[in-house]
Amino acid sequence: MKLSEDTIAVLKNFATINPNLVFKPGQKLSTIAESKTVMASADIVEDFPQEFGIYDLNEFLSVLSMIPEPDLEFFETHVLIQNNLQKVKYFYSNPEILTSPSKDITMPDAEVGINLLEGNLKRIHQASAVLGHSDLSIVRTLGPPEVYAKIYDAKDATANEYTLELSLENPVPNKFNFDFNIANLKLLPGDYYVSLSSSKISNWTNSNYPVEYFIALENTTEFHA
């Protein structure tokens, strides 16, 4: 088996969420943060033949990059990563000692849906880095701009703020603020449809690749009936 560039990109992204990964038989990869605040899943073209655990996903990816055009052959205790000149016998970890999703998440009804283009996500991350703030809120107020993303410091009302005007996909009259720790937004590049629920969970679906994320909202989230 050879891994596609898309699957390598997914694995690199998942390594930022959780340093280990349990591969399941089939064509789907899933991971969950140790904090349980982020869960992600992706459909892939490869069909893995068995379950196995990788303790250090970044190390595993480094081994793959060390061998040009590697072919993967799976055995009971290890995977053989090889080409015509080189090979690495890479041993699995016990899946029972690794953190992996125990079940799929069922997204509750979402009151709000927005499209976030890749460019706007880059602007949000850039503002967070420049201002040094980790708080992101998707806000609807009664005044213009009606809906916007805000980067701010939740612990300091006098700190500098950044806002970016957004548009709703399902216009609602309610006031709301859906609050995130921006460190949880570990997303593959692309445009996203974001579903926001007052149950303090959000779903981010990538428009360019079959990957989605469930990201917990902060307790300060409010949706006014």
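- Ring geometry for Phe178 against Phe223 counts as tilted: the plane angle lies between 30° and 60°, on a 0 to 90° scale.
- The minimum heavy-atom distance linking Leu136 with Ala149 is given by the pair CD1-CB, 4.0 Å.
- Within the 4.5 Å cutoff, no side-chain heavy atoms of Leu164 are placed close to those of Tyr148.
- Looking only at side-chain heavy atoms (C-beta outward), Ile151 and Ile182 come within less than 4.5 Å of each other.
- Within the model, atoms CD of Glu222 and CG of Asn177 stand 4.5 Å from one another, a figure rounded to the nearest 0.5 Å.
- Remark: side-chain polar atoms of Tyr162 are not paired, donor with acceptor, to backbone N or O of Gln126 under 3.5 angstrom.
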Run the side-chain contact (heavy atoms from CB on, under 4.5 Å) check on Ile54 and Phe60 step by step: do they pass?
CA-CA 7 Å; Ile54 297 295; Phe60 179 71; 3.7 Å; yes

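- Under the 4.5 Å side-chain contact rule for hydrophobic residues, Val22 and Ile44 do not share a cluster.
- Note: the hydrophobic cluster containing Met1 also contains Leu61 (ILVMFWY, side chain heavy atoms under 4.5 Å, direct or indirect links).
- Inter-residue side-chain proximity for Val38 and Phe214 is flagged as unmet; no heavy-atom pair is nearer than 4.5 Å.
- No more than 12 heavy atoms of other residues, nucleotides or ligands shown are found within 6.0 angstrom of CG on Asp109.
- Looking at Arg140, its side chain does come within 3.5 Å of a backbone N or O of Pro173 through a donor-acceptor pair.
- Residues passing the side-chain contact (heavy atoms from CB on, under 4.5 Å) test with Ala159 are His133, Asp153, Asp156, sequence neighbours excluded.
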Residues Asn20, Asp56; criterion side-chain contact (heavy atoms from CB on, under 4.5 Å); working and verdict
CA-CA 5 Å; Asn20 52 65; Asp56 189 336; over 6 Å; no

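- For NZ of Lys155, the number of neighbouring non-hydrogen atoms (other residues, nucleotides, ligands) closer than 6.0 Å is 12 at most.
- Going from atom NZ of Lys12 over to atom CD of Glu5 covers 9.0 Å, rounded to the nearest 0.5 Å.
- Neither Tyr193 nor Leu188 shares a network with the other; the hydrophobic side chains, linked directly or stepwise wherever heavy atoms of I, L, V, M, F, W or Y lie under 4.5 Å apart, form separate groups for each.
- When all heavy atoms are compared, the tightest approach of Ile81 to Pro70 is CG2-CB, 3.7 Å.
- Taking CE from Met39 and OG1 from Thr31, the interatomic distance works out to 9.0 Å, rounded to the nearest 0.5 Å.
- Residues Tyr152 and Leu185 are members of separate hydrophobic clusters, defined by side-chain heavy-atom contacts under 4.5 angstrom among Ile, Leu, Val, Met, Phe, Trp and Tyr.
- Side-chain atoms of Asn206 come within 3.5 Å of backbone N or O of Pro189 as a donor-acceptor pair.
- Between the side chain of Ser199 and the backbone N or O of Ile201 there is no donor-acceptor pair closer than 3.5 Å.
- Under the 4.5 Å side-chain criterion, counting only non-hydrogen atoms from C-beta, Leu21 is not in contact with Leu98.
- Separating the CG atom in Leu11 from the CG atom in Leu57 is a distance of 5.5 Å, to the nearest 0.5 Å.
- Counting only N and O atoms by type, the side chains of Ser62 and Ser65 include no donor and acceptor under 3.5 Å apart.
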Would you give me the side-chain donor-acceptor pairs under 3.5 Å for residues 84-92, sequence neighbours excluded?
residue: Tyr90; atom: OH; partner: Glu59; partner atom: OE1; Å: 2.7
residue: Tyr92; atom: OH; partner: Phe75; partner atom: N; Å: 3.4
residue: Tyr92; atom: OH; partner: Phe75; partner atom: O; Å: 2.9
residue: Tyr92; atom: OH; partner: His78; partner atom: O; Å: 2.7

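- Note on Val194: it does not cluster hydrophobically with Ile105, by side-chain heavy-atom contacts below 4.5 Å among ILVMFWY residues.
- Leu3 places a side-chain heavy atom less than 4.5 Å from the side chain of Leu72.
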Checking side-chain contact (heavy atoms from CB on, under 4.5 Å) for the pair Val112/Ile138: CA distance, chi angles, key distance, verdict?
CA-CA 10 Å; Val112 175; Ile138 307 297; 5.8 Å; no

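- In this structure, the side chains of Asn120 and Leu166 come closer than 4.5 Å at one or more pairs of heavy atoms.
- Rounding to the nearest 0.5 Å gives a distance of 14.0 Å between CG of Leu116 and NZ of Lys122.
- The shortest distance between side-chain heavy atoms of Glu73 and Gln82 falls below 4.5 Å.
- Using cut-offs of 30° and 60° for the angle between ring planes, the Trp204 and Tyr192 rings count as perpendicular.
- With hydrogens and angles ignored, the 3.5 Å screen pairs no side-chain donor or acceptor of Glu161 with any backbone N or O of Lys150.
- The only member of Ile17, Leu217, Ile215 that meets side-chain contact (heavy atoms from CB on, under 4.5 Å) when paired with Asn184 is Ile215.
- In this structure, Asp43 contributes its side chain and Val211 its backbone to no donor-acceptor pair below 3.5 Å.
- The two residues Phe52 and Pro95 make their nearest non-hydrogen contact at C-CG, 4.3 Å.
- Between the side chain of Asn208 and the backbone N or O of Asp191, at least one donor-acceptor pair lies under 3.5 Å.
- Within 6.0 Å of CD in Gln27 there are more than 12 heavy atoms belonging to other residues, nucleotides or ligands.
- Checking Asn203 against Glu212 by side-chain atom types alone, a donor-acceptor pair falls below 3.5 Å.
- Inter-residue side-chain proximity for Ser202 and Phe180 is flagged as met; some heavy-atom pair is nearer than 4.5 Å.
- Annotation for Ser197 and Met107: closest pair CB-CE, 3.9 Å, computed over non-hydrogen atoms.
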Determine, step by step, whether Phe176 and Val139 satisfy the side-chain contact (heavy atoms from CB on, under 4.5 Å) criterion, reporting the C-alpha distance in whole Å, the side-chain angles of both residues, the deciding distance to 0.1 Å, and the verdict.
CA-CA 6 Å; Phe176 56 74; Val139 181; 5.7 Å; no

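- With no hydrogens or angles considered, a side-chain donor-acceptor pair links Ser4 and Glu46 at under 3.5 Å.
- The structure places CD of Glu111 at 10.5 Å from OG of Ser195, a figure rounded to the nearest 0.5 Å.
- Of the listed residues (Thr221, Asp179, Thr220), just one forms a side chain to side chain donor-acceptor pair (under 3.5 Å) with Ser137, and that residue is Asp179.
- Judged purely by distance below 3.5 Å, without hydrogens or angles, the side chains of Glu69 and Asn83 never pair a donor atom with an acceptor atom.
- Lys28 approaches Ser41 most closely through the heavy-atom pair CE-CB, 3.7 Å.
- Of all the heavy atoms in Ala40 and Phe14, the pair that sits closest is CB-CE1, 3.6 Å.
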